[in-house]
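The next block holds one structure in the form of structure tokens; read it before the comments.
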Amino acid sequence: LISGSFVARVAGVFVGSIIIEQSDDGGATVIPLTDGQGGTKVFASPERIVVDEIADGGCSYRFRATGMTSGVALCRFEK
């Protein structure tokens with residue numbers, strides 16, 4: 001579980017997309033993390049973003065890769 005602000009970092013050289021999914025019920029249901037305009041935040045290249053967690057008690061987060069055809073993506077959360 002994560003609470004408060006944290007960093008989501010994607011590094012490496014890859015072809016594909018990576019999204020962050022959030023769950024507040026232990027992973028039974030997940031929703032994609034959105035960008036500032038309401039769309040799903042998609043990583044298509046190395047990037048670092050700050051996520052502000054506002055849910056009570058923290059949520060669980062995970063990276064999900066889609067359409068990966070080559071390369072390696074290194075994903076991590078940092079407090």
Side-chain angles (χ1 to χ4, degrees):
L1 291 176
I2 298 174
S3 61
S5 296
F6 62 94
V7 172
R9 182 185 306 267
V10 175
V13 177
F14 59 94
V15 176
S17 299
I18 298 177
I19 65 170
I20 298 172
E21 294 177 327
Q22 174 189 31
S23 177
D24 61 2
D25 61 6
T29 57
V30 295
I31 57 170
L33 193 70
T34 58
D35 60 21
Q37 299 171 4
T40 299
K41 173 59 185 155
V42 177
F43 298 86
S45 61
E47 189 175 355
R48 172 190 180 276
I49 65 167
V50 175
V51 178
D52 290 320
E53 169 52 46
I54 58 172
D56 293 335
C59 293
S60 57
Y61 292 85
R62 66 183 184 197
F63 289 98
R64 184 168 59 92
T66 60
M68 296 296 282
T69 58
S70 64
V72 175
L74 307 169
C75 305
R76 66 182 285 168
F77 296 114
E78 304 169 351
K79 190 67 175 154

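In what follows, residues are counted from 1 in the order of the sequence shown. Since the model is a prediction, treat every value here as computed from it, not as a measurement.
In this structure, CD1 in Ile19 is found 11.5 Å from OG1 in Thr34, a value given to the nearest 0.5 Å. To the nearest 0.5 Å, atom CD1 of residue Ile49 and atom CG of residue Leu33 are 5.5 Å apart. For the atom pair CZ of Phe43 and CZ of Arg64, the computed distance is 13.5 Å after rounding to the nearest 0.5 Å.
For Phe14 against Ala73, the heavy-atom pair with the smallest separation is CD2-CB, 3.7 Å. The two residues Pro46 and Ala11 come nearest to each other via the heavy atoms CB-CA, 4.1 Å. Nearest heavy atom pair, residue Gln22 against residue Cys59, reads NE2-SG, 3.4 Å. In terms of heavy atoms, Gly27 sits closest to Ser23 at N-OG, 2.8 Å.
With hydrogens and angles disregarded, no donor-acceptor distance shorter than 3.5 Å links the side chain of Lys79 to the backbone of Val7. A donor-acceptor pair under 3.5 Å is absent between the side-chain atoms of Ser5 and the main chain of Asp52, judged by distance alone.
In this pair, Phe63 and Phe77 present their aromatic rings parallel. The plane angle is below 30°, not in the 30 to 60° band.
The salt bridge (charged side-chain N to carboxylate O under 4.0 Å, His left out) pairs that include a residue from residues 6-19 are Arg9-Glu78, where partners are two or more places apart or lie in different chains.
Leu74 and Ile18 sit in two unconnected hydrophobic clusters of ILVMFWY residues. Membership requires side-chain heavy atoms under 4.5 Å apart, directly or through other members. Under the 4.5 Å side-chain heavy-atom criterion for ILVMFWY residues, no single connected hydrophobic cluster contains both Ile31 and Phe6.
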